[in-house]
Each structure stands twice: as structure tokens, then as C-alpha cells.
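Scope of the values below: all heavy atoms of this structure, side chains included, with no hydrogens, waters or symmetry mates. This structure is a prediction, so every number in the text was calculated from the model and none was measured. Atoms within each ligand, like the ligands themselves, are counted from 1 in listed order.
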Amino acid sequence: MTEDRVYNFSAGPSIMPEQVLQRARAELMNYHGSGMSVMEMSHRSPVFTEIFTDTKEKFRSILHVPESHEILFLQGGATLQFAAIPMNLMEGKTADYAVTGNFSNKAAKEAEKYGSVHIACDTADTGHNRIPTQEELDLSPDAKYFYYCANNTIYGTEWQYVPETAVPLVCDMSSDILSRPVDVSRFGLIYAGAQKNMAPAGLTVVIIDKALAGKELPCTPQIMSYETMIKNDSLLNTPPCWCIYMLSLVLDWLKEQGGVEGMEQLKKARAKRLYDCLEESRLFHLHALPGSRSDMNVTFRTGDPEMDAEFIRFAAARGLTNLKGHKIAGGMRASIYNAMPMEGVEALVDTIKEFERKHV
Ligand SMILES: *Cc1c(COP(=O)(O)O)cnc(C)c1O
């Protein structure tokens, strides 16, 4: 790590690979002889068209997206998809929602405006500290789709299996996309805001089975219609050009690290190191239950908010920043996305142990 940079454990926008930032800096003023920055280019120019096409191809190849599925580069964040999904896929009828945290709860609430939402499970009663088993899911036979959030960024839980359903799966992968291989053919739709594990905020990637498009409610804004966006190859209007370019740099970096297969090994190693340390701790305890724990967001606490605050300050003084948990969850949260180097996790483990020696 460069000396004046910190280990940034922010949940999002979050750490970017340092090599990516270096490359963006090198190409900032004059992108490949164009005499301008990617920020300044027309989205219809040949040079940007090449970036766009190339990014899409790289994404398809890295996540092994089959030809049956289209890749869209959209705006509006993950939150816009809370509405776009029911508008496009629910046909005013019903859909199943697995509520395992704040974002899936928000998505279910938004979907209620467009049809009838059936709650397939809700883990609120135990503070969203676990993922339900397949047997616990209450599936309705007439659902247009089954919706879930693969990784619960705030509570630090992650689905360790893909649910078995008779209807298309719709999944929010905002905080764990590209961290492991996914059998995309099993999903009707996958989406992710870029700012956790892919690129700067402003880009949302949607991967959709083309067979599902074209059934949107008549009131659906053009910009939110998957069919319109597929027909226009995401270029109905100006796309988030800079974010798409940054994604292409991240994809190059990811490929060098062994792709999503390499990322999965790294994510397991990072998470194991941190969970093992916290399991052994006599001061800190983990929020999420074994078997449900996220490899991306590790939530822990002492049980004393004053002590938590002291730890957060102690870590920040050592260059480990943004460890404060989300306000609705409290405690600490260490987000250890793809770009977090193992040294960052080692530094956190050392800090946890040092703090513990002082306080136990
Ligand atoms: C951050 C996050 C969101 C919200 O993303 P926005 O881009 O801010 O709308 C939704 N779902 C998950 C899982 C997230 O981590």
C-alpha cells in the first residue's frame, strides 16, 4: 500500500484496487492518444464505443454470462431496481420476497406498489443474523419471480446456496458480485450497484434473461424498461461513461488475479482470518450466526457502545478507517471486498488483538 493511503473498510462506496487507480491516473489526461479524458468523451464516439463494447465483453467472459442473458449498464443505483423489477416482471400480479435485511425489506416495500408481495421468509425476529434454509422458504405457486439479496451488507450475512424455486430467481448481488463464480443461467435477473465491488457509484449492472423482458406495466418509464434498454444496448441516453471505463479497469485487474475463481479463494482466506480471530476473542462477538456469515461484510461488537466507539477511534489512528457499523445495526463492520488486500486484514487482526490486550 502507498504510504499515505489508509486501509478503507467502508461498506460503499468502497476501496478500489490501487493498480486500477494508478492506471486511471495515468490515462486521465489523454486516453490512448485521444487527447482527452474518458470523462470528456461523447458516449457515441468510436473511442468510447470501443470501451463500452469491450467492458461488456470482459464482464460476460469473467462472470461466464450465457448468451441468453443481456448485460445492461444503467443508472439510478440498486435502489431504482427495487421499483424497476416489479414494474417489468410482476405483471401486476404477485412475487415472493425473502426478507433477510434492510435492502430486501426496502425492495419488498417498493414492490407492494406494483402488485401483491408474498413474504417468503423474514429474519427480522433474530436481528437478521442468519439466512433461512431452503425448507423454511414459503414459496407461492403463482409468483412471477422469487426475490432475494445474496449478501446483506448491513447485517453481514450471505446466502451460501442458491434457492430452488419453480419461478425465475431475481437477486440483488450489490455487495458480492464478482467475488465468486455464479451459475448465471439459474437466474432470471441479477443486479448490482457498482460502488461496493466493481466501480465508482453511478453505475448499476443488470444481467437479465432476455426471455423475461417485454412484460412491463404500461406506466413504466422508458428509462426503466428492460426491453427498451436491451433494444438500445443501454444507450437510450447518456450512460455513466466514466464508471463503465473504471469497471473495465477493474475487470482487467480481476482477470490478472485469477478471475472470479481467484476472487473466491481470496475472499475465503480474508474472511477466515478475520472470523477466526473474532471467534477466539474474549472482548468482541460476532453478529451473524455460523453458516450464514458473509465473506464480504464482517459484523462484530463488544456489547458496549462506548467500547465500540473507542475501538473505532483506536483503529482509525492506525490507518484502518470506516469500521463503524451501519446506524441501524450498530457495532462494527469490516467490509472486505475484492480490492481489500490480505495485508489490510492482517492489520485489522493485529489491531483487534492489541485493543483486546489493553482491555481484557
Ligand atoms: C448498497 C446496497 C444497496 C443500495 O444501493 P444504492 O446504489 O445506494 O441504491 C442495495 N442493496 C445492497 C445489497 C446494497 O449493499
Distance under 4.0 Å to a non-hydrogen atom of [X]: what atoms of ligand 1 satisfy this?
X: K196; value: 1 (C), 2 (C), 3 (C), 14 (C), 15 (O)
X: Q195; value: 5 (O), 6 (P), 7 (O), 8 (O)
X: G77; value: 7 (O), 9 (O)
X: N151; value: 13 (C)
X: T153; value: 12 (C), 13 (C), 14 (C), 15 (O)
X: C149; value: 13 (C)

Indicate yes or no: does an N/O atom of A78 lie under 3.5 Å from an N/O atom of ligand 1?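 Min N/O separation from ligand 1 is below 3.5 Å for A78.
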Is the NZ or CZ atom of R318 both under 6.0 Å from the centre of the six-membered ring of F314 and within 45° of that ring's axis?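 Output yes; distance and angle both within limits.
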State which residues pass side-chain contact (heavy atoms from CB on, under 4.5 Å) with T220; sequence neighbours excluded, sorted by chain then number.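 T220 satisfies side-chain contact (heavy atoms from CB on, under 4.5 Å) with M87, N88, E216, L217, M224, S225 once adjacent residues are dropped.
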So, using side-chain contact (heavy atoms from CB on, under 4.5 Å) as the criterion, who are the partners of R130 when residues are at least two apart?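 Expected list: T123, T126, E136, L289, S292.
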Can [X] and [Y] be counted as an ion pair, charged N to O under 4.0 angstrom?
X: E158; Y: K267; answer: yes
X: K93; Y: D142; answer: no
X: K58; Y: D252; answer: yes

Testing Y97, F82, F103 for ring pair (Phe, Tyr, Trp, His ring centres under 6.0 Å) with Y147, which one passes?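 Between Y147 and the candidates, ring pair (Phe, Tyr, Trp, His ring centres under 6.0 Å) is satisfied uniquely by Y97.
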Nearest non-hydrogen protein atom, atom 11 (N) of ligand 1: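 Its nearest protein heavy-atom neighbour is D172 OD2, 2.6 Å.
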Just to confirm my output: which protein heavy-atom neighbour is closest to atom 4 (C) of ligand 1, and how far is it?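 Nearest neighbour among protein heavy atoms for atom 4 (C) of ligand 1, to 0.1 Å: F103 CE2, 3.6 Å.
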Which bit of T79 gets closer than 4.0 Å to ligand 1, counting heavy atoms only: side chain, backbone, both or neither?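 For T79, the contact with ligand 1 is made by both the backbone and the side chain.
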